[in-house]
Amino acid sequence: MTKHGQSSKAAVHITGADTLKNNNYTIMDYNFQDIEKKWRQTWAAEKTYHVGEDTTKPKYYVLNMFPYPSGAGLHVGHPLGYIASDIYARYKRLCGYNVLNPMGYDAYGLPAEQYAIQTGQHPAITTVNNINRYRDQLDKIGFSFDWDREVRTCDAEYYHWTQWAFQRMFDAFYCNTCQKAQPISRLVAHFAAHGTEGLDVACSETLSFTAAEWNTMSEKEQQQVLMNYRLAYLGETMVNWCPALGTVLANDEVVDGLSVRGGHPVVQKKMKQWCLRVSAYAQRLLDGLDTIDWSDSIKETQRNWIGRSEGTEMEFSVKDSDQHFTIFTTRADTIFGVTFMVLAPESELVGELTTADCRADVEAYVEATKRRTERERIADRKVTGVFTGSYAVNPFTGEDIPIWVSDYVLAGYGTGAIMAVPAHDSRDYAFARHFSLPIIPLIEGADVSEESFDAKEGTVMNSPQQGKQGLDGFSLNGLTVKEAIAATKRFVTEKGLGRVKVNYRLRDAIFSRQRYWGEPFPVYYKDGMPRMIPEACLPLCLPEVSKFLPTETGEPPLGNAAKWAWDEANSQVVDKALIDNVTVFPLELSTMPGFAGSSAYYLRYMDPHNDKALVSPEADAYWQNVDLYIGGSEHATGHLIYSRFWNKFLHDLGVSCQDEPFRKLVNQGMIQGRSNFVYRIKETNTFVSLGLKDQYDVTPIHVDVNIVQNDVLDLEAFKAWRPEFATAEFILEDGRYICGWAVEKMSKSMYNVVNPDVIIEKYGADTLRLYEMFLGPISQSKPWDSNGIDGCFRFLRKTWNLFFTRDGQWAVSDEAPTKANLKTLHKLIKKVTEDIETFSYNTSVAAFMIAVGELAQQKCTSRQVLEPLCILMAPFTPYVAEELWHQLGHDTTVCDAQWPAYDETCMVEDTVTLSVSFNGKTRYTIDLPAGASREEAEAAALGAPQAARYTEGFQVVKVIVVPGKIVNVVLKK
RNA sequence: GCGCUUGUGGCGAAAUUGGUAGACGCGCCAGACUUAGGAUCUGGUGGCCCCGGCCGUGUAGGUUCGAGUCCUAUCAGGCGCACCA
């Protein structure tokens, strides 16, 4: 047994276990450890949070972005969104909804594979270990997840449906006329009957052939043509190749020319890759934003990313040649100011239009551009370019315009060729100045001597220039820019010079990754063309490999798999050695990217064990789509675009009944770390407290935040922390060592990671939940600061003490509540209900603190007040609410209780306070019977004893009566 | 450059949406109980002050009896897009 000093010291700790062991405290003190352990077990055993399709109740679907189970485990930032959504889910259930609140794991990904490469441990094993650790941590926090619906993206029964969806995309094209995906067989039928005549479909490049031509094509040629239209297609495209990671990356996985994961350089490379025709859905992705309840900033980010731009495509012919080419512009009105044309270096036109005497220069330029990485291009934006030797003909004026090549024009956008109007485009302006090309201003009053005038405003002039003649007398002079754009579009369309065209910045998603730990493609290659393995043979399981690195020949890691070939005759995977390209064929070696598995998981949660379909029509019809989705805003241009695309495709297929997957989106902010520092005097082992550090030459050193409390360092713990500090000496202030602090990313290397397990051990999960919500608005990023947590713990203990006396007696009585009790309760009901609906959880917690304080002061013991209080707390602090609920004599879970109704009559006051003000100042206040009329308020204001000082010469101009609140009488001279 | 967003005590933050700015919590100060306190409880806590008040929501104007809130301009931070024609 411990010595006296130590055992009584244990009592100062506020853990339940310590108080239990010590006679200074009673056994009925708020003992969260026992309470939480008990209910954790009971909920699991009784499947309290299991949910089915209950058609007698309205449904509500709450979803968190599922986590990637990293090796580091959860820190206190991870559960923030889960707690917020759990509160909402529990609240909705108490309001009578049938609530789906599932959880799972986004289990495929790079870190597990990197770890496998380094250690040889199979990613499947590390992933399962990590998942188990996550599950342990999540379970402690008291979420109302239905774990029977858990999904893991790396499970074959899950990725079955990822592969299935991919195959459906392969078998589909997008019809622009009906704005919908259609089976590819319809396209084949159309080709056979009409060729490309009358076709308006999404494609990689516009093809033109007759039915007769189609019908004489070989099978392989037909397949190559179809690849141009499929929603999942094999495309030769410029990709972001990351040599360090050995894989291609999607645009949203690259920032500033570096990979998001790892920060490795990324170069452009032409490769054959699987792609998803996301661009076909650009308009629907844009339109859908108007129908969903997301924050403006996320919607705007997506609008930017989609980048719709309405403009005109115009045909330009080439001088002394029968060649012509198309450009895209949003400023068709500036056609009279075109002084040169520019082609992207990658454009195929470059080769065709370059004259013999310019060829050497142009080729050198194109080569030089190719060698520059995207990063170099961004870093160094010098104006460069070269003349092709050719001239285009301005269709409106017949003038010759030199054609240049420059890397400021992008091959991937529009047609890869532009008409340059230096007077009204800053990039063209810089180019014109650099190469001394003419600049013709077209807007009255625009001064283009120093810079271009880019704004789309003003009155048009010089269109055409004086003394010149536009085509068929066409002139824009005197029009506003907006009118001029419209007039030019009309004219261009009528004369057949071009067409109105909408362009999107959104590119197709590259869907191949040269990695091991991802979904394999259900694809094999026959005669050089990809074939889908039969649907009945799905899932195609990820094979074992001898090592996780690429093969010596540069093939993806699946090239190391021995058993990785497709036996077409027997519809099975067989050994690679058997490949004969007659009945046994090679399988695809790349795997799918991270967003594949996360694109439709919300549908799978509706029906997670269905082995016949991704989701049954019944389950889909019942759950519809996600009502509330919570997750970080960093997925704005990745997951949140891809899953909307994926869902729209499944909607076209009739699999998902809703066009949009996530009705309401709430972005939780990130929780940053709050690092602590100690200051070592240079060349010594002496540490000086924060307030005195400026008197010395010191080095700040990160110190583990777990041995610091309220910025005061635990000296003994510090000495024990690391061997080199064992002999540390300290210069203290006021007998204490005060640490410095800074807000940084929460990470191991900063020693500022706070593990939720530690908080739960010390304070309990209810306190953790409450505190995370109390920290501030959920959408805001904020640093974690363990200091305030005591306040939340004290609140829970005070609450407990409403139900139990100090000596452990049950304190709840059947006494009727007082008027004050009811007012406190209903004020709380109103506030908490409103706050939950608006996700203002931090102010709800404050409201609870006030209410409990008031009830304690009122010495309230009434069951009629304390029972509703218990229900109100259930979403926030489920453990203690459940315990008290049972102590109140219920034998069903508090989750099945009914949310208390707000009764306004409890709020009516006997008197209200009337404040009388003039000149913007409250001069005096008087009490007034509640429900007094305006006239009575006015009379009382002027008749009050204090009034004489103020009211002389003043008149009442306004009387403000707010029920139960301040009444204000405003006076004016 | 364009778009979104945020500026309030020592700190995290509230403010009934135009009506007593700083609720609630942390921290700090004082007191109580204590051998002791990183425990618990009670009270205080925006600044200045001649103790009557005065000044206070990034800055400067405006509307109003009244502005943190609405309008105009401006400054600062955060995020997104960015040679997209």
Side-chain angles (χ1 to χ4, degrees), chain A residues 5 8-9 11-14 19 24-25 295-305 307-309 311-312 327-331 334 342 344 377-378 381 383 406-410 412-421 424-428 430-431 454 503-506 633-634 636-637 674 709-712 714 736 741 770-771 774-777 779-792 794-795 797 830-831 834 840 842-850 853 913 915 917-922 925 954-958 960 962 964-973:
Chain A
S8 60
K9 180 126 186 160
V12 310
H13 289 292
I14 43 183
T19 53
N24 292 348
Y25 285 82
S295 73
D296 288 341
S297 64
I298 287 272
K299 284 190 187 183
E300 205 53 36
T301 301
Q302 290 212 342
R303 286 194 190 101
N304 276 339
W305 190 259
R308 184 182 203 271
S309 157
T312 314
I327 61 96
F328 175 77
T329 179
T330 54
R331 292 297 300 275
T334 59
V342 188
R377 277 211 203 182
I378 291 165
R381 272 191 196 173
V383 177
S406 175
D407 66 0
Y408 83 88
V409 174
L410 306 175
Y413 184 78
T415 60
I418 62 153
M419 63 181 210
V421 185
H424 302 293
D425 182 289
S426 48
R427 297 152 300 180
D428 297 344
F431 194 84
D454 291 15
N503 260 327
Y504 299 92
R505 203 190 72 94
L506 184 72
S633 55
E634 67 272 20
T637 54
R674 187 181 186 278
Q709 186 154 3
N710 290 348
D711 293 335
V712 177
D714 181 334
R736 299 181 304 181
W741 61 274
L770 211 55
Y771 184 57
F774 188 57
L775 222 42
S779 55
Q780 207 165 296
S781 286
K782 57 234 154 188
W784 175 267
D785 183 352
S786 296
N787 290 342
I789 201 163
D790 287 341
C792 288
R794 274 196 279 269
F795 157 73
R797 197 169 41 198
K830 183 166 192 264
K831 180 74 177 144
E834 282 170 4
S840 309
N842 54 333
T843 53
S844 314
V845 178
F848 275 116
M849 289 173 173
I850 295 168
T913 305
S915 72
S917 60
F918 67 93
N919 287 355
K921 286 288 163 195
T922 299
T925 62
F954 287 85
Q955 281 187 329
V956 175
V957 292
K958 200 169 181 182
I960 296 153
V962 183
K965 288 278 176 178
I966 294 151
V967 180
N968 195 350
V969 175
V970 177
L971 303 176
K972 194 181 182 184
K973 218 155 204 168

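Throughout, protein chains are lettered first and strands after them, A, B, ... in sequence-line order, and every chain is numbered starting at 1. In what follows, every heavy atom counts, from backbone to side chain, and hydrogens, waters and symmetry copies are set aside. Predicted, not measured: the structure shown is a model, and the values here were computed from it.
Projected onto RNA chain B by closest heavy-atom contact, A/Met419 and A/Thr843 fall at different nucleotides, the more 5' of which corresponds to A/Thr843. Nearer the 5' end of RNA chain B, as judged by each residue's closest nucleotide, is the contact made by A/Pro783, out of A/Pro783 and A/Gly791.
For the pair A/Glu300 CD and B/C81 P, the computed distance is 13 Å after rounding to whole Å. A/Asp714 has its CG atom 17 Å from the P atom of B/G37, to the nearest Å. Look at CH2 on A/Trp784: it is 14 Å from C1' on B/G25, rounded to the nearest Å. What separates NE2 of A/His424 from P of B/A85 is a distance of 17 Å, to the nearest Å. A/Phe795 has its CZ atom 13 Å from the P atom of B/C26, to the nearest Å. One atom, CD1 of A/Ile789, and another, P of B/C26, lie 12 Å apart when rounded to the nearest Å. Atom CZ in A/Phe431 sits roughly 14 Å away from atom C1' in B/A85 (whole-Å rounding). Following rounding to the nearest Å, A/Asp790 (CG) and B/C41 (P) show an atom-to-atom distance of 11 Å.
Within the structure, every side-chain polar atom (N or O) of A/Ser633 is placed at least 4.0 Å from both OP1 and OP2 of B/G80. At least one side-chain nitrogen or oxygen of A/Tyr413 sits closer than 4.0 Å to the OP1 or OP2 atom of B/A85. At the phosphate of B/U40, OP1 or OP2 sits under 4.0 Å from a side-chain N or O atom of A/Arg797. For the OP1/OP2 pair of B/A13 and a distance below 4.0 Å, the side-chain nitrogens and oxygens of A/Gln780 include at least one atom meeting the criterion.
The aromatic rings of A/Phe795 and A/Phe848 lie tilted to each other, with the angle between the two planes from 30° to 60°. In this structure, A/Phe328 and A/Tyr413 have perpendicular ring planes: the angle between them is above 60°, well past the 30° mark.
For B/G9, the glycosidic angle deviates from 0 by 90° or less, giving a syn base. In this structure, B/U6 shows a glycosidic angle more than 90 degrees from zero, which is the anti conformation.
Backbone-only contact: A/Pro777 has heavy atoms under 4.0 Å from sugar-phosphate atoms and none from a base. As judged by a 4.0 angstrom heavy-atom cut-off over every strand, A/Asn787 is placed among residues touching the sugar-phosphate backbone only. Among the heavy atoms of the strands lying under 4.0 Å from A/Ile418 is at least one base atom, whether or not backbone atoms are also near. Within the 4.0 angstrom heavy-atom criterion, only backbone atoms of the sugar-phosphate kind lie near A/Arg331; the bases stay farther away.
B/C79 and B/G18 have their C1' atoms separated by 31 Å, given to the nearest Å. On the C1' atoms, B/G10 is 23 Å away from B/G78, given to the nearest whole Å. Of the C1' atoms belonging to B/C55 and B/C50, the separation is 16 Å, rounded to the nearest Å. Separating the C1' atom of B/A30 from that of B/U35 is a span of 22 Å, rounded to the nearest Å. B/A76 and B/G38 are spaced 46 Å apart, taking the P atom of each and rounding to whole Å. Taking the P atoms as reference points, B/U45 lies 14 Å from B/G25, given to the whole Å. A distance of about 13 Å separates the C1' atoms of B/C11 and B/G22, rounded to the whole Å. Using P as the reference atom, B/C28 and B/A60 are 34 Å apart when rounded to the nearest Å.
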(request) Using a 3.5 Å limit on both pairing distances, list the dot-bracket string of RNA chain B from the 5' end; Watson-Crick and G-U wobble pairs count, crossing pairs take [ ], interstrand pairs take |. (result) (((((((..(((......[....)))((((((.......))))))(((....)))..(((((..]....))))))))))))....
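If you check B/C83, B/G27, B/C4 against the side chain of A/Arg794, the one that comes closest is B/G27. Residue A/Arg505 places its side chain closer to B/A82 than to any other of B/A15, B/C4, B/A82. Distance from the side chain of A/Asn842 is smallest for B/A14 among the nucleotides B/G80, B/A23, B/A14. Listed candidates were B/A23, B/A85, B/C81. Nearest to the side chain of A/Asp425 is B/A85. The A/Phe774 side chain lies nearest to B/G12 when the options are B/A13, B/U5, B/G12. Comparing B/A85, B/A14, B/G25 against the side chain of A/Met849 picks out B/G25 as the nearest. You'll find that the side chain of A/Ala846 is closest to B/A23, out of B/C81, B/U5, B/A23. Looking at the side chain of A/Lys782, the nearest of the listed nucleotides B/A23, B/A85, B/A13 is B/A13.
Across all their heavy atoms, A/Asn503 and A/Gly414 have their closest contact at ND2-CA, 3.4 Å. In this structure, A/Arg331 and A/His424 approach most closely via the heavy-atom pair NH1-O, 4.4 Å. What you find for A/Lys782 and A/Gly776 is that their closest heavy atoms are NZ-O, 3.6 Å.
Side chains of A/Cys792 and A/Met849 form a contact here, defined as non-hydrogen atoms less than 4.5 Å apart. Side-chain contact between A/Leu775 and A/Trp784 is present, with at least one heavy-atom pair separated by less than 4.5 Å. Residues A/Ile418 and A/Tyr408 meet the side-chain proximity criterion, which asks for heavy atoms closer than 4.5 Å.
Rounding to the nearest 0.5 Å places CG of A/Asp790 at 9.0 Å from CZ of A/Arg797.
Remark: the backbone N or O of A/Val421 is paired with a side-chain donor or acceptor of A/Asp428 at under 3.5 angstrom.
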